[in-house]
Amino acid sequence: MKRSSNPISENRSLATKLGGALVASALVAVGSPQFAAADVTEAELESISIPDKVDTSIGTLEFFDGIPIGNTVETVYDNLDRMRATDVYLDNLGAVSINYILDGFARAGADAPNKIAVFEQLMDSATVVVTANTSTLYAYSGTDLAKDGPTVIEVPPGMLGFLDDSWQRFVGNIGVTGPDKGKGGKYLVLPPGYAGDVPDGYFLLKPSTNRNFLFLRGFIKDGLEPAVENITMGLKIYPLKDAGNPPPTEYVNVSGKSFNTVFPNDLKYFEILDAIIQREPIDAIGPEVRGEIASIGIVKGRKFEPDERMKKLLAEAGTLGNATARVITAYPRIGGVQIYPDTDSAWIMGYANKNTSFEADGAMNLSARALFYFNAAGVTPSMAVTTAGAGSDYAMASLDADKKPLDGSKTYRLHLPPNVPVNDFWAVTLYDSQTRSQLQTSQKFPTVGSQTEGMKQNADGSYDVYFAPNAPEGKEGNWLQTVSGKSWFPLLRMYGPLEPWIDKTWRPSEIELVP
């Protein structure tokens with residue numbers, strides 16, 4: 001930092017000489033023939049003042065005795081707006097992501113709560129959805145409580161799912177982990193602030209927003225066809241006011257359809273957030289969060305009209321937010337996210353410390369929240385509860401054994417030691433590092449695992465999975481295709497994980513480059 005001559009310093013020296021004191025003096029009545037002085041040390045005065053010229057990361061800032069001059073006002077305001085917009089990007093990833101997912105399904109035909117998107121032939125790489133897998137029967141829908149009022153969700157037996165609000169905050173579990181315990185039942189979603197009558201016979205869900213995200217999984221252990229039939233025959237959504245004669249529920253088969261549900265990182269990101277702010281109640285978020293959003297021009301009840309200067313800054317903030325989320329993902333410095341913190345392992349989990357609220361000790365873990373929402377969609381505490389022999393657990397790695405990006409032009413190997421500790425099955429799925437969605441290659445379902453036909457086990461009971469543009473000779477059944485010029489990352493999913501996985505006495509290798 002450079003410091004030039006300053007009138008405060010000159011006056012302080014004069015006052016010191018006049019008073020003969022051993023302290024520096026700050027003048028408070030400059031125009032008076034008599035000096036009034038306060039006891040302030042040289043160091044204290046230095047700390048509360050600013051030099052006439054300061055070199056900073058945003059450029060050289062200039063002042064006349066503390067008053068900004070020249071281009072300083074414009075430079076500082078640009079920086080302030082850019083910083084606040086970057087914070088808005090990172091702090092609202094959950095909202096923009098989940099709403100854009102619902103927007104994507106709407107564009108694919110599931111454009112009303114009673115139109116449910118179902119992946120009847122499972123999800124493949126044609127659909128761009130963050131870190132979705134190929135092994136589960138997915139069903140997606142939402143609510144429009146502002147239009148429909150209290151809304152009924154009839155759930156058939158054997159479902160597993162949850163409802164999140166418009167900021168992707170957990171509202172309640174449905175199905176096996178919900179109050180119906182997997183037996184099926186009727187759920188009633190009440191609008192924010194609802195004060196009307198509530199009939200008996202429903203499990204209640206009380207979100208703080210009008211548009212909410214419904215996520216359901218169907219179990220396919222007895223086959224895909226009966227699982228699809230269970231959903232299409234038993235899952236119904238309709239307004240409570242129409243319970244006597246509900247409109248039919250439609251099922252939109254979106255398997256194999258090419259459409260995008262992953263949010264953009266440019267000006268459009270903030271336009272999506274504006275639509276959420278306009279749609280949702282004023283108290284859906286607190287004044288601190290709402291105030292920062294308002295500071296960049298997004299205010300409920302007002303049209304969002306950024307000028308050219310602000311559009312440029314918002315686009316820059318989108319780039320910076322995008323970059324920040326990617327750094328947090330690949331090189332996390334968050335406690336509790338490394339699966340094997342005792343080593344320099346690249347394997348991480350989606351929820352730091354298995355905390356699905358991202359809050360502990362009265363503080364929000366901002367980086368942990370950004371990591372999850374950038375790479376996944378849908379929050380429920382049941383996703384972070386690891387029970388031996390039940391449920392599932394996931395591991396993700398963005399780097400190889402040498403902590404370098406995974407290169408689609410090269411060949412890598414993942415070694416799974418003998419006795420992979422799962423009650424059900426394990427699977428490795430490949431994702432595109434840009435979209436965080438299934439990598440699009442000649443393999444429609446970019447997954448291999450213990451259920452893969454042709455998967456070869458080593459003589460000692462271990463497995464090797466290969467990642468390369470072309471299959472290593474004799475390893476075709478154990479191979480996932482990569483793309484030259486693209487990076488990628490895998491998710492290792494353990495279905496029904498057993499104690500050796502949970503206590504980490506069994507662990508996968510790092511992803512090693514094959515010479």
Quick one: is the NZ or CZ of Arg107 closer than 6.0 Å to the six-membered ring centre of Tyr100, and within 45° of its axis? yes
What are the two closest non-hydrogen atoms of Ala397 and Ile511, and how far apart are they? CB-CD1, 4.2 Å
How about Asn365 and Asn355: do any of their side-chain heavy atoms sit closer than 4.5 Å? no
Taking all non-hydrogen atoms of both residues, which atom of Pro508 and which atom of Leu416 are closest, and how far apart? CB-CD2, 3.7 Å
Give the C-alpha distance, both sets of side-chain angles, the deciding distance and a yes or no for side-chain contact (heavy atoms from CB on, under 4.5 Å) between Thr447 and Asn133. CA-CA 8 Å; Thr447 298; Asn133 70 55; over 6 Å; no
Rounded at 0.5 Å granularity, tell me how far CG in Leu430 sits from CG in Leu439. 5.0 Å
Under 4.0 Å between a Lys/Arg side-chain N and an Asp/Glu carboxylate O for Asp393 and Lys354? yes
Pairs meeting criterion ring pair (Phe, Tyr, Trp, His ring centres under 6.0 Å) with involvement of residues 377-422, two or more places apart: Tyr412-Trp488
Heavy-atom distance under 4.5 Å between the side chains of Leu122 and Ser135, does that happen here? no
Please give me the minimum heavy-atom distance between Gly297 and Phe304, naming the atom from each residue. O-CD1, 3.3 Å
Thinking salt bridges, do Arg211 and Asp144 make one under a 4.0 Å N-O criterion? no
Heavy-atom closest pair (Ala330 atom, Leu399 atom, distance to 0.1 Å) is O-CD1, 3.4 Å
Which distance, rounded to the nearest 0.5 Å, do you find between the CE of Met83 and the CG of Asp78? 11.0 Å
Counterpart residues, side-chain hydrogen bond (donor to acceptor under 3.5 Å, both in side chains), relative to Asp164 (two or more places apart): none
Taking the ring centre of each residue, are Tyr373 and Phe358 less than 6.0 Å apart? yes
The single option from Asp274, Asp87, Ile276, Ile298 passing side-chain contact (heavy atoms from CB on, under 4.5 Å) against Ile293: Ile298
Could you name each residue pair satisfying ring pair (Phe, Tyr, Trp, His ring centres under 6.0 Å) that touches residues 490-515, not counting sequence neighbours? Phe425-Tyr495
With a 6.0 Å cut-off (strictly less than), is the heavy-atom count around NZ of Lys268, excluding the residue itself, greater than 12? no
Mutual orientation of the aromatic rings belonging to Phe203 and Tyr187 [parallel < 30°, tilted 30-60°, perpendicular > 60°]: tilted
For residues Thr435 and Val262, report the shortest heavy-atom separation together with the two atoms involved. O-CG2, 3.8 Å
Tell me which one of Leu492, Thr452, Asn478 satisfies side-chain contact (heavy atoms from CB on, under 4.5 Å) with Val428. Leu492
Contacts of Asn173 meeting side-chain hydrogen bond (donor to acceptor under 3.5 Å, both in side chains) (sequence neighbours excluded), chain-then-number -> Thr380
Cation-pi geometry met for Arg507 and Tyr340 (6.0 Å, 45°): yes
Less than 4.0 Å between a side-chain N and a carboxylate O, is that true for Glu292 and Arg84? no
Among Lys403, Glu510, Gln338, which residue satisfies the side-chain hydrogen bond (donor to acceptor under 3.5 Å, both in side chains) criterion with Ser345? Glu510
Looking at Tyr77, I want to see if its OH is surrounded by more than 12 non-hydrogen atoms of other residues, nucleotides or ligands under 6.0 Å. no
Is the terminal nitrogen or CZ of Arg413 (NZ for Lys, CZ for Arg) located under 6.0 angstrom from the six-membered ring centre of Phe467 and within 45° of that ring's axis? no
Can you tell whether the side chains of Lys404 and Asp400 come within less than 4.0 Å, N to carboxylate O? no
Would a 4.5 Å heavy-atom cut-off, applied to side chains only, mark Thr75 and Leu61 as touching? yes
Carboxylate-amine/guanidinium proximity below 4.0 Å for Arg369 and Asp91: yes
Does the pair Gln438 and Thr429 meet the rule for a side-chain hydrogen bond (donor to acceptor under 3.5 Å, both in side chains), with working shown? CA-CA 7 Å; Gln438 292 176 27; Thr429 302; over 6 Å; no
Qualifying residues under side chain to side chain contact (heavy atoms under 4.5 Å, CB included), relative to Ser255, sequence neighbours excluded: Phe119, Gln121, Asn253
Shortest non-hydrogen contact between Met494 and Trp426, atoms and distance: SD-CB, 4.1 Å
Could you tell me which residues satisfy ring-ring contact (aromatic ring centres under 6.0 Å, His included) with Tyr466, sequence neighbours excluded, listed by chain and number? none
If we only count heavy atoms from C-beta on, is the Ile116 to Val118 side-chain gap below 4.5 Å? yes
Assess, by modelled atom type and distance only, whether the side chains of Thr127 and Asp124 contain a donor and an acceptor separated by less than 3.5 Å. no
Quick one about Asn210 and Thr143 (side-chain donor to acceptor, distance below 3.5 Å, no hydrogens or angles considered), yes or no? no
